[in-house]
Amino acid sequence: MTDTIMHTADRVITATYKRFPVVMERGQACTLWDTRGRRYTDFVSGIAVCNLGHAHPRIAEVVARQAGQLVHVSNLYYTIPQTELARMLVEHSFADRVFFGNSGAEANEAAIKLARKYFKDAGQPERFGIVCMEKSFHGRTMATLSATGQDKIKQGFDPVLEGFSFVPFNDIDALKSAIDDHTCAVMLEPIQGEGGIRCPDPGFLQRVRQLCDQRGLLMILDEIQTGMGRTGTRFAHEQYDVTPDIMTLAKALANGLPIGAMLATERVAAAFGIGAHASTFGGTPLVTAAALETLKIMDEERIVDRARDTGTYFKDALKQLKLRHRCIAEVRGRGLLLGIQLNRPADRLVPVLMDKGFLVNCVQGDTLRFVPPLIIQKDEIDALIHCLDEVLTF
Ligand SMILES: *Cc1c(COP(=O)(O)O)cnc(C)c1O
């Protein structure tokens with residue numbers, strides 16, 4: 001059965017994904033089982049998505065109930081779950097308004113469109129440029145890949161959109177020089193995830209904020225990977241004492257159901273008037289009910305505090321590991337967004353760890369990324385560390 005599924009998939013699905021030869025069938029909290037009955041501890045979480053673990057009973061129940069009541073009606077009408085979710089997001093953040101889409105890329109598309117529209121409405125149509133960071137990742141649609149600072153993502157899709165420029169992350173002088181009369185915004189991730197778990201230098205984000213204020217630019221933070229408690233605060237920017245004008249969320253927002261959200265202050269969001277932007281599926285009752293329940297569970301069970309504590313424990317363990325293994329060049333990250341950069345290719349280790357029952361993933365070729373569900377237990381971390389200890393000796 002397993003081989004048939006893999007062969008069929010390889011024949012009928014576009015070959016865009018390089019997959020490991022397993023068929024995942026079932027999950028429970030931080031554990032996954034494949035069709036051969038093998039079990040894995042999940043340090044990937046569907047790439048920082050299933051923050052409350054797999055098959056959470058409360059989310060399963062809410063989704064089933066909402067599916068039996070109302071799945072979709074379009075944004076021609078008000079619905080209760082969408083309204084409640086937006087209210088909760090506004091209450092929990094700097095933002096005054098929310099636009100819902102279905103993915104991270106769509107949230108970033110909305111942010112890019114809003115930044116341009118804001119300056120059009122302000123009578124400065126020449127300001128449409130956005131300065132982004134090298135090694136950034138903002139998505140795969142035409143606008144978001146144009147904002148992404150990695151050539152491999154753009155290969156074959158020329159011409160990319162006009163108006164995006166790039167500076168090295170953490171280089172405030174380069175940013176200053178890149179800003180000109182056409183610039184409308186600076187867009188960046190507080191911590192670069194796909195870029196290799198790159199943290200901002202002390203004061204960097206604050207200096208970006210100051211620069212935006214001085215030059216009258218919007219600061220767009222892509223918190224699609226860093227948001228929703230992943231880094232030990234609800235949003236990563238809280239740790240760096242900055243407030244953006246626009247923030248994007250997706251990944252963990254509904255614990256696995258597809259959703260994206262663009263949040264903005266009233267001043268900026270005012271540029272999104274009637275008809276300015278839309279999405280058929282954006283904020284359906286089904287998905288927003290799941291997101292609302294996710295936020296409630298996070299509050300009730302103090303998941304953010306837990307991610308911070310467990311993250312400290314995990315990072316300390318990784319630092320201990322570094323003392324024993326010369327191949328570890330650096331341990332990076334915050335909360336449960338952690339990575340170890342090796343001084344050699346790291347992608348070969350992923351199937352080795354998988355054979356031993358641990359799912360991890362590799363970014364930038366040399367960095368192992370650890371993004372387990374935020375409910376991961378210390379003994380599960382201990383088991384991974386023990387396994388890494390064995391594997392890294394080779
Ligand atoms: C995953 C990710 C995206 C893209 O999200 P999709 O849902 O795949 O479109 C954008 N930005 C960051 C920082 C991400 O991690």
Side-chain angles (χ1 to χ4, degrees), residues 14 16-18 43-51 99-115 130 132-150 152-154 157 160-161 164 166 169 185-200 205 208 219-231 235-237 240 244 246-263 279 281-284 287 290-291 294 332-339 361-364 367 369-372 374:
T14 57
T16 38
Y17 303 105
K18 185 172 184 295
F43 283 83
V44 177
S45 311
I47 315 189
V49 168
C50 304
N51 278 7
F99 176 86
F100 290 111
N102 310 286
S103 65
E106 280 181 65
N108 284 335
E109 284 273 347
I112 293 164
K113 285 182 73 176
L114 180 62
I130 299 184
C132 304
M133 301 293 134
E134 288 172 9
K135 290 207 167 87
S136 63
F137 182 76
H138 297 299
R140 299 286 198 144
T141 61
M142 278 312 298
T144 59
L145 79 78
S146 304
T148 292
Q150 302 186 53
K152 62 172 191 207
I153 306 265
K154 297 178 186 177
F157 300 109
V160 298
L161 248 64
F164 295 90
F166 298 88
F169 192 59
V186 177
M187 178 170 180
L188 73 171
E189 302 149 87
I191 298 173
Q192 294 189 325
E194 308 299 315
I197 324 292
R198 304 254 162 211
C199 293
L205 292 177
V208 173
M219 181 175 181
I220 305 173
L221 281 183
D222 177 342
E223 292 239 24
I224 288 165
Q225 189 159 156
T226 55
M228 307 317 296
R230 173 57 56 189
T231 66
F235 307 115
H237 68 258
Y240 297 103
I246 301 175
M247 169 172 74
T248 52
L249 299 173
K251 289 198 162 80
L253 185 51
N255 206 51
L257 280 88
I259 188 169
M262 191 265 321
L263 289 76
S279 166
F281 290 123
T284 61
V287 168
T294 302
R332 290 193 293 264
R334 291 261 184 150
L336 285 169
L337 178 59
L338 296 172
N361 106 304
C362 176
V363 286
Q364 301 294 315
T367 301
R369 171 170 54 179
F370 308 108
V371 281
L374 305 185

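Since this is a predicted model, take the numbers as computed values, not measurements. Atoms within each ligand, like the ligands themselves, are counted from 1 in listed order. Values below: all heavy atoms of this structure, side chains included; hydrogens, waters and symmetry mates excluded.
On a distance-only criterion, Ala250 and ligand 1 share no N/O pair closer than 3.5 Å. Polar contact check, His138 against ligand 1: no nitrogen or oxygen pair lies under 3.5 Å apart. No N or O atom of Gly139 sits closer than 3.5 Å to an N or O atom of ligand 1. Backbone and side-chain nitrogen or oxygen atoms of Lys251 are examined, and one is located within less than 3.5 angstrom of a nitrogen or oxygen of ligand 1. Looking at ligand 1, you won't find any N or O of Glu106 less than 3.5 Å from one of its N or O atoms.
Near Asp222, the atoms of ligand 1 lying under 4.0 angstrom from a non-hydrogen atom of the residue are 10 (C), 11 (N), 12 (C), 13 (C). Counting atoms of ligand 1 from 1 in the listed order, those under 4.0 Å from a heavy atom of Glu189 are 13 (C). Of all atoms in ligand 1, numbered sequentially from 1 with element shown, those under 4.0 Å from a heavy atom of Ala105 are 4 (C), 5 (O), 6 (P), 9 (O). Atoms of ligand 1 found under 4.0 Å from any heavy atom of Gln225 (numbered from 1 in listed order, with element): 15 (O). Atom numbering of ligand 1 starts at 1 in the shown order; those under 4.0 Å from a heavy atom of Asn108 are 10 (C), 11 (N).
Exactly one residue among Asp222, Thr144, Thr148 makes a side chain to side chain donor-acceptor pair (under 3.5 Å) with His138. That residue is Asp222. Applying side chain to side chain donor-acceptor pair (under 3.5 Å) to Gln364 and the options Glu194, Gln150, Lys135 leaves one that passes, Gln150.
When heavy-atom distances to ligand 1 are checked against a 4.0 Å cut-off, Ser103 comes that close through both its backbone and its side chain. Heavy atoms of Arg140 found under 4.0 angstrom from ligand 1: none, in either backbone or side chain. Within the 4.0 Å heavy-atom criterion, neither part of Thr226 lies near ligand 1.
Between Ile112 and Ala147, the closest heavy-atom pair is CD1-CB, 4.4 Å. Scanning both residues, Asn102 and Gly282, for their nearest heavy atoms gives OD1-N, 3.7 Å. When all heavy atoms of Arg369 and Gly193 are compared, the pair lying nearest together is NH1-C, 4.0 Å.
Under the 4.0 Å distance rule, the nearest protein heavy atom to atom 11 (N) of ligand 1 falls inside the cut-off.
Heavy atoms from other residues, nucleotides or ligands lying under 6.0 Å from CZ of Phe166 number more than 12.
Of the protein's heavy atoms, Phe137 CE2, 3.6 Å lies nearest to atom 3 (C) of ligand 1. Here the heavy atom of the protein found nearest to atom 7 (O) of ligand 1 is Gly104 N, 2.8 Å.
Atom CE of Met228 sits about 5.0 Å away from atom CG of Leu253, to the nearest 0.5 Å. The CG atom of Leu338 lies 9.0 Å from the CZ atom of Arg230; values are rounded to the nearest 0.5 Å.
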